[in-house]
Protein chains: 2
Amino acid sequence: MAKKNKITIKDIANALNISTAAVSKALHNDSRISEKTKKAVRQVAKNLNYQPNHLASALRSGKSKLVGVIVPKTNSNYFSSVIQNIEEILNGEGYNIIITHSNESYKKECANIDALLFTQVDGIIASMANETVNLEHYEKIKNIGIPLITFDRGENDLNVDYIGIDDYDSSHTIIDHLVAQGCRRIAHIGGYKHTRIYNNRIRGYIDALQKHNLPSDKELLIQSSLTTEDGKVQMQRLLNLKNRPDAVYVASDYAALGALQILKEKNIDVPNTIALVGFGNEPFANMVTPSLTSMNLHSARIGKIAAKTFLEYTKKEKVNYSLNKIILDAKLIVRESSNKKGI
Amino acid sequence: MAKKNKITIKDIANALNISTAAVSKALHNDSRISEKTKKAVRQVAKNLNYQPNHLASALRSGKSKLVGVIVPKTNSNYFSSVIQNIEEILNGEGYNIIITHSNESYKKECANIDALLFTQVDGIIASMANETVNLEHYEKIKNIGIPLITFDRGENDLNVDYIGIDDYDSSHTIIDHLVAQGCRRIAHIGGYKHTRIYNNRIRGYIDALQKHNLPSDKELLIQSSLTTEDGKVQMQRLLNLKNRPDAVYVASDYAALGALQILKEKNIDVPNTIALVGFGNEPFANMVTPSLTSMNLHSARIGKIAAKTFLEYTKKEKVNYSLNKIILDAKLIVRESSNKKGI
DNA sequence: TATATTTGCTTAATCGATTAAGCAAATATA
DNA sequence: TATATTTGCTTAATCGATTAAGCAAATATA
């Protein structure tokens, strides 16, 4: 019935014969409004089924109570878990989130940022696309003056808060583990060097090999897009080598999955002929046969910290960006694909 | 520098010594504004780096250009694919989407709807939580008069557009396949009957068995939450039967995965002792060993159709809800877990 | 009792963009 | 040439909520 005619504070004001200002204040529990009036306003609001118009209050207050989230993809468990935890924290403080994904495309990422700024979000929490090298679109966010928090894939150059794990150290943990398993010729299918986290993993890989006095063979270090498809391609490339590796450390579970499929196809014994370690601890790591050793990235904690970091900014008068790095320790989950001793 | 002082149409108007009305019209390419003025306005807007204030225009026009999406979970490939495709279509028409997930909880779903309505979305595309039986919160959306489109998990009682697959028919396809494989005692780990899609799958299962003159044993029909965890529990229950099934049709890949893990644990030959079929064709269906036969649900098409259905409504003067059912044919992807003949 | 403070509201401006109504100048038509 | 129409803008109201400024009545303080 009464479909179109939405209830506004004006309707409440008219019903009680008071001003809209009084209604607004009563609804916000202003101390200068009498309890009697407040009660009456709340009652009428309830009776009329009043729903505040968010656009109007957002326009007036300058706060949309929306936070934008940019992830490279939503169909990875890592990112969807981060998102869930961001949402949980922010919902509790009256914020809603707008989720966008770049699909690893720089162009899409730019479009996402434009869309989010257009929607007048109060802040942005982002993890960058693989393609992203130029950071101008992120500088745009900073220029507007709303909080910008990065996680997982961020860049030092941007000089904003960052939450992630210690990638350099994680590589050490993985190499230490593989060496302890008796592996001596360890390959690395890594991401692109221009992305900080992948660069750190590569550096960690090289330094850890050196630490163990193992040769660092150039043909064993591969840069990849880290998709399942490219994992297959790169694993095949490693198998084509005259001198094959006895272990492969892959910087993403998705690519590790592709590698595993090739290894199974070729009937290569995993872990005894070639041990395999992934990164990210996606749920399927536990589902495949052999189950995949992988690094757990604490997605839930990262999401919660990112959200809380944003909330910190909202309490400040002015946004002063700072590279506040929060680095968590990742945990290696050892499974069949790298456990030669069978326990 | 010029951080806080955002550029508005007033700034453009002042720069050119014309009215804000003229600027607004020029930016919207109104035919009553001269080309000369339009060019000047566009130039100044560009120079000043003008970004329209979405909240203001949304408030005035009554259109937020936001669409809410409610899914039970985002970490399933099915839902994330639907979302991606909704987004793709809607972005093309200038809409942004707000993604929320109920986490299968009725309470969370209610909260999501309130949050979306509060944000003044122009429409909602939803798939219901497992827990949802009462539909009052969805009626609220209808009362407000914005488009409501459901997919996958919808209810006839709601009488709104629905996009999904033919669940009843899908069960027939699966049973036909299992019977062709020589299975005679087929169990069904299904969802809750109160959810239409699961009820249809159950009805299809029962009718298909009858069609093949197979006994429909009550102990072989199980209602489940269809999580991986419950898949394990229910598979164990089936194995405890005196008269075990020789095939299990599970209404979700997640639960099928749990079932498969139990079967592997007990060293039961899949598919030869017990054949297994899942539903949803999640990516891991292809990753596990043995790979899992499953129903492909056309997530991309469903997302695109849902978005286009919403867009249809926006072209109409008034929203007239109608149960416009769009039913796609699901496709059975036969893999190792049910392929006894080996090809 | 006279003055100061507090209480409980109202008035009017405002956030930025859009739009109905209208007006003067330019152009078209009779 | 006189009138009608079109062009290109302006003025002012509006979307709904918030808030600074202010006022009268009630209460507190000197």
Side-chain angles (χ1 to χ4, degrees), chain A residues 4-42 44-45 48-66 94 117-122 144-146, chain B residues 4-42 44-45 48-66 94 117-122 144-146:
Chain A
K4 284 290 138 182
N5 39 353
K6 284 215 194 151
I7 304 300
T8 70
I9 52 168
K10 207 171 170 181
D11 297 307
I12 302 176
N14 286 342
L16 291 167
N17 228 352
I18 56 176
S19 70
T20 60
V23 174
S24 174
K25 284 176 184 162
L27 291 171
H28 287 84
N29 206 22
D30 189 297
S31 63
R32 295 285 288 275
I33 300 290
S34 70
E35 265 315 313
K36 197 180 138 205
T37 306
K38 281 182 191 171
K39 260 187 195 153
V41 167
R42 288 192 198 115
V44 173
L48 296 177
N49 192 25
Y50 167 72
Q51 299 285 124
N53 184 316
H54 170 252
L55 296 172
S57 58
L59 174 62
R60 181 62 231 255
S61 65
K63 300 284 165 214
S64 67
K65 286 282 185 175
L66 291 172
L117 295 180
F118 176 71
T119 318
Q120 311 283 124
V121 292
D122 289 345
I144 287 188
I146 58 173
Chain B
K4 284 289 138 182
N5 38 354
K6 284 214 193 151
I7 304 299
T8 69
I9 53 169
K10 207 171 170 183
D11 298 307
I12 302 176
N14 287 341
L16 291 168
N17 230 351
I18 56 176
S19 70
T20 59
V23 173
S24 175
K25 283 176 185 162
L27 289 171
H28 287 84
N29 207 19
D30 190 297
S31 62
R32 293 286 286 275
I33 301 290
S34 69
E35 266 314 314
K36 198 180 136 204
T37 305
K38 281 182 191 172
K39 260 187 195 153
V41 166
R42 287 190 198 118
V44 173
L48 297 178
N49 192 23
Y50 167 72
Q51 298 286 124
N53 185 316
H54 170 252
L55 296 171
S57 58
L59 174 61
R60 182 62 231 257
S61 65
K63 300 285 165 213
S64 68
K65 287 282 185 176
L66 291 172
L117 295 180
F118 176 70
T119 318
Q120 311 282 126
V121 293
D122 289 345
I144 285 186
I146 58 172

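Bear in mind that the values here come from a model prediction, so they are computed numbers and not experimental data. So you know, we letter chains A, B, ... as the sequences are listed, proteins then strands, and number each from 1. Hydrogens, waters and symmetry mates play no part in the numbers below; they use all other heavy atoms, side chains included.
For K38(A), the salt bridge (Lys or Arg N to Asp or Glu O under 4.0 Å) criterion is met by E35(A), not counting sequence neighbours.
Rounding to whole angstrom units, CG of residue N17(A) and P of dT10(C) are separated by 9 Å. Here the C1' atom of nucleotide dT7(D) and the CD1 atom of I18(B) are 15 Å apart, to the nearest Å. We find that CD1 of I9(A) is positioned 12 Å from C1' of dC15(D), with the value rounded to whole Å. With rounding to whole Å, I12(A) atom CD1 is found 12 Å from dG16(D) atom C1'. When the C1' atom of dG16(D) is taken as reference, atom CD of Q120(B) falls 9 Å away, rounded to whole Å. In this structure, NZ of K65(B) is placed 12 Å from P of dT18(C), rounded to the nearest angstrom. Put simply, CG on D30(A) is 16 Å from P on dT6(C), counting in whole angstrom units. One can place CZ of F118(A) at 10 Å from P of dA17(C), the figure rounded to the nearest angstrom.
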Evaluation steps, side chain to side chain contact (heavy atoms under 4.5 Å, CB included), between N53(B) and L59(A): CA-CA 9 Å; N53(B) 185 316; L59(A) 174 62; 4.1 Å; yes

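Of all nucleotides listed (dC15(D), dT10(C), dA17(D)), dA17(D) comes nearest to the side chain of Y50(A).
Two end axes, each from the C1' atoms of five base pairs, can be drawn for the helix from dT1(C)-dA30(D) to dA30(C)-dT1(D); they diverge by 40°, to 10 degrees.
A pairwise comparison of heavy atoms in S64(B) and A58(B) identifies CA-CB, 3.8 Å as the closest pair.
When the nearest nucleotides of DNA chain D are assigned to V23(B) and L27(A) by heavy-atom distance, the more 5′-ward of the two goes with V23(B). Residue-to-nucleotide proximity on DNA chain D shows that, of L59(A) and S31(B), the 5′-proximal contact is made by S31(B).
Inter-residue side-chain proximity for Y50(B) and I9(B) is flagged as met; some heavy-atom pair is nearer than 4.5 Å. The shortest distance between side-chain heavy atoms of I7(B) and N49(B) does not fall below 4.5 Å.
Q120(A) CD to L55(A) CG: the interatomic distance, rounded to the nearest 0.5 Å, is 10.5 Å. Here L16(B) contributes atom CG and T37(B) contributes atom OG1; the two are 8.0 Å apart, rounded to the nearest 0.5 Å. Put simply, CD1 on I18(B) and CD1 on I33(B) are 7.0 Å apart, with the number rounded to the nearest 0.5 Å.
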Scoring nucleotides 19-27 of chain D by protein non-hydrogen atoms under 4.0 Å (B base, S sugar-phosphate only, - none) yields BBB------

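Counting any heavy atom pair closer than 4.0 Å across all strands shown, L55(B) reaches no nucleic acid atom.
The backbone N or O of K10(A) lies less than 3.5 Å from a partner atom in the side chain of T8(A), making a donor-acceptor pair.
Contact between the side-chain N/O atoms of S19(A) and the OP1/OP2 oxygens of dT10(C) is found at a separation under 4.0 Å.
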